[in-house]
Amino acid sequence: MRRKGLAIMAAQTVATSVDLGPATALSCRECGTRFELGPIFACAECFGPLEVAYDLPTGDPAALRAAIEAGPNNIWRYAPLLPVPADVASKPSLNPGFTKLVDAANLAKELGVTGKLYVKDDSGNPTHSFKDRVVAIAVEAARAFGFTTLSCSSTGNLAGAVGAAAARAGFRSCVFIPHDLEQGKVVMAGVYGGDLVGIEGNYDDVNRFCSELIGDPLGEGWGFVNVNLRPYYGEGSKTLAYEICEQLGWRLPDQIVIPIASGSQLTKIDKGLQELIRLGLVEDKPYKIFGAQAEGCSPVSSAFKAGHDVVRPQKPNTIAKSLAIGNPADGPYVLDIARRTGGFVEDVTDEQVVEAIKILAQTEGIFAETAGGVTVGVTKKLIENGQLDPALTTVVLNTGDGLKTLEAVAADSGQTATIRPSLDAFRAAGLV
């Protein structure tokens, strides 16, 4: 009952008319009940998750493609497909997106891929992770709903993205993280001048605290990007699907490997692909979606391989802290998508994560954080197990920068040798 009360209370505090472009309502994923646009995240009828419903553009797909291609080189080129006002590109924003799709021929050779292999490298975003995409959409919702403070529960990357976006857009920020995050992520989240609060416990403890704060007067005027603004926030991940297809020449990839934390990114990429098909922007053809987890936090992978429809929570214990969500909100929907598309959900050990970070760095010059190591490691494992077809066009996601998780590879990635400044010393070191 408390959750239902929170949903109703939030809906009553918002004007009935807001400008979020083509977004028309919030719709329950479970029962289909619709609600007016507002800062609510759970259905008041069945407690299911809400997502944005649209009145998307219709007409000539070629004209829509041309309009997108003429837009800015960031996610706002897709404004007609997102819950944002038409003039969004003119507002203060970090303007994330349109990151590189790297033709990873060296990695393909290393992994035994005979088809085309690409890495969608989202470490090129303003705070060096894909979280800039989702936060940018949430900021527009926060503006529309009159919030004054941006907040979140975070495993690290989101904290930095919220802090930076708030500074740019003129919001106050106060974000909450587990107390034992990697130092690189702590510093990056704190440098933007907002409040950074460590919570004793793991991410699930942090998230529960934020849900309580939303229902308390202390949280009045606060937009929690991944809680009460979650339906809008999640839509930012669709832009990964849009960009990948546009960068492939308006074609769907055959296979895509996506890391799983809450599972929202994977479900929204699938939503984005389906929207492109419905709009006629890409040819409809089969594609497979694969999910990637670390063994030390693999509730979705465990459920998939056991044939279960319910995801049982786990206590995280992995170096891949950005994926360390033991009770993933979108876990059941990830299972549905992987099974519907003929994909798979797999996990790798921390040792395999470190190995994969090095493989990607040494073949393509891309230094991934631990989540990228999970995705590349799972891709390698899927190929070895015959679950991913090496002859097909495959896209692998790298969602963050390895400079944020130096601890993972620091032990054996230092100086090759330390020598005196002389040629004789260099010869003696045996490097030539």
Side-chain angles (χ1 to χ4, degrees), residues 2-11 13-14 18 20 23 25-31 33-44 46-54 82-84 129-145 147 149-155 157-159 161-162 165-166 171 173-177 203-204 206-215 219 221-240 260-272 322 325 327-334:
R2 183 176 181 275
R3 191 175 183 185
K4 182 174 181 178
L6 284 176
I8 294 172
M9 178 181 67
T13 62
V14 178
V18 295
L20 289 175
L26 295 177
S27 176
C28 177
R29 267 196 240 177
E30 292 295 329
C31 70
T33 300
R34 290 204 165 198
F35 302 87
E36 292 181 344
L37 296 172
I40 53 176
F41 57 97
C43 176
C46 74
F47 314 116
L50 301 180
E51 63 180 5
V52 179
Y54 294 94
L82 297 170
V84 296
S129 90
F130 90 95
K131 293 294 187 181
D132 290 321
R133 297 174 181 272
V134 291
V135 171
I137 306 298
V139 165
E140 295 311 308
R143 283 189 175 121
F145 303 143
F147 289 129
T149 298
L150 288 183
S151 187
C152 69
S153 53
S154 174
T155 57
N157 283 325
L158 182 57
V162 168
F171 287 83
S173 68
C174 181
V175 301
F176 302 90
I177 59 174
Y203 173 80
D204 298 299
V206 179
N207 202 39
R208 281 191 294 271
F209 169 80
C210 289
S211 296
E212 291 179 8
L213 184 53
I214 289 172
W222 287 37
F224 289 79
V225 300
N226 56 341
V227 189
N228 60 350
L229 296 177
R230 186 176 182 83
Y232 313 95
Y233 158 95
E235 295 296 285
S237 289
K238 295 193 309 182
T239 61
L240 280 161
I260 298 170
S262 72
S264 175
Q265 182 185 70
L266 187 149
T267 63
K268 290 304 186 291
I269 287 175
D270 179 65
K271 183 180 180 183
S322 62
I325 298 179
N327 189 18
D330 281 29
Y333 303 104
V334 169

Find out whether [X] and [Y] are in side-chain contact, i.e. whether some heavy atom of one side chain is under 4.5 Å from a heavy atom of the other.
X      : Y      : result
Leu20  : Val84  : no
Val227 : Ser211 : yes
Tyr333 : Ser264 : no
Cys46  : Thr33  : no
Phe209 : Phe176 : yes
Val134 : Val225 : no
Phe224 : Leu213 : yes
Leu266 : Ile260 : yes

Set of residues satisfying side chain to side chain contact (heavy atoms under 4.5 Å, CB included) with respect to Asn226, sequence neighbours excluded: Cys152, Ser153, Leu158, Tyr203, Arg230, Tyr233

Which residues share a side chain to side chain contact (heavy atoms under 4.5 Å, CB included) with Arg34, sequence neighbours left out: Thr24, Ala25, Ser27, Ala53

Polar contact flag, side-chain donor to acceptor under 3.5 angstrom, Ser262-Asp330: no

If I take atom [atom1] from residue [X] and atom [atom2] from residue [Y], how far apart are they, to the nearest 0.5 angstrom?
X      : Y      : atom1 : atom2 : value
Phe35  : Cys28  : CZ    : SG    : 7.0 Å
Ile40  : Ile214 : CD1   : CD1   : 12.5 Å
Leu240 : Gln265 : CG    : CD    : 5.5 Å
Glu51  : Lys271 : CD    : NZ    : 4.0 Å

Return the minimal non-hydrogen interatomic distance between [X] and [Y], and the atom names on each side.
X      : Y      : result
Ile269 : Ser237 : CG1-O, 3.6 Å
Pro83  : Ile137 : CG-CG2, 3.7 Å
Gly223 : Asn228 : C-OD1, 3.7 Å
Leu229 : Ala142 : CD1-CB, 4.0 Å
Val18  : Ala144 : CG1-O, 3.8 Å
Asn327 : Asp204 : N-OD1, 3.5 Å

N/O donor-acceptor pair under 3.5 Å between Ser151 side chain and Cys174 backbone: yes

For [X], side-chain hydrogen bond (donor to acceptor under 3.5 Å, both in side chains) partners two or more places apart:
X      : answer
Tyr54  : Glu235, Lys238
Ser154 : none
Asn157 : Glu369, Lys404

All ring-ring contact (aromatic ring centres under 6.0 Å, His included) counterparts of Phe130, not counting sequence neighbours: none

Contacts of Phe171 that satisfy ring-ring contact (aromatic ring centres under 6.0 Å, His included) - sequence neighbours left out: none

Ring centroid separation Phe145 to Tyr232 under 6.0 Å: yes

Full working for side-chain contact (heavy atoms from CB on, under 4.5 Å) between Leu50 and Cys43: CA-CA 6 Å; Leu50 301 180; Cys43 176; 3.9 Å; yes

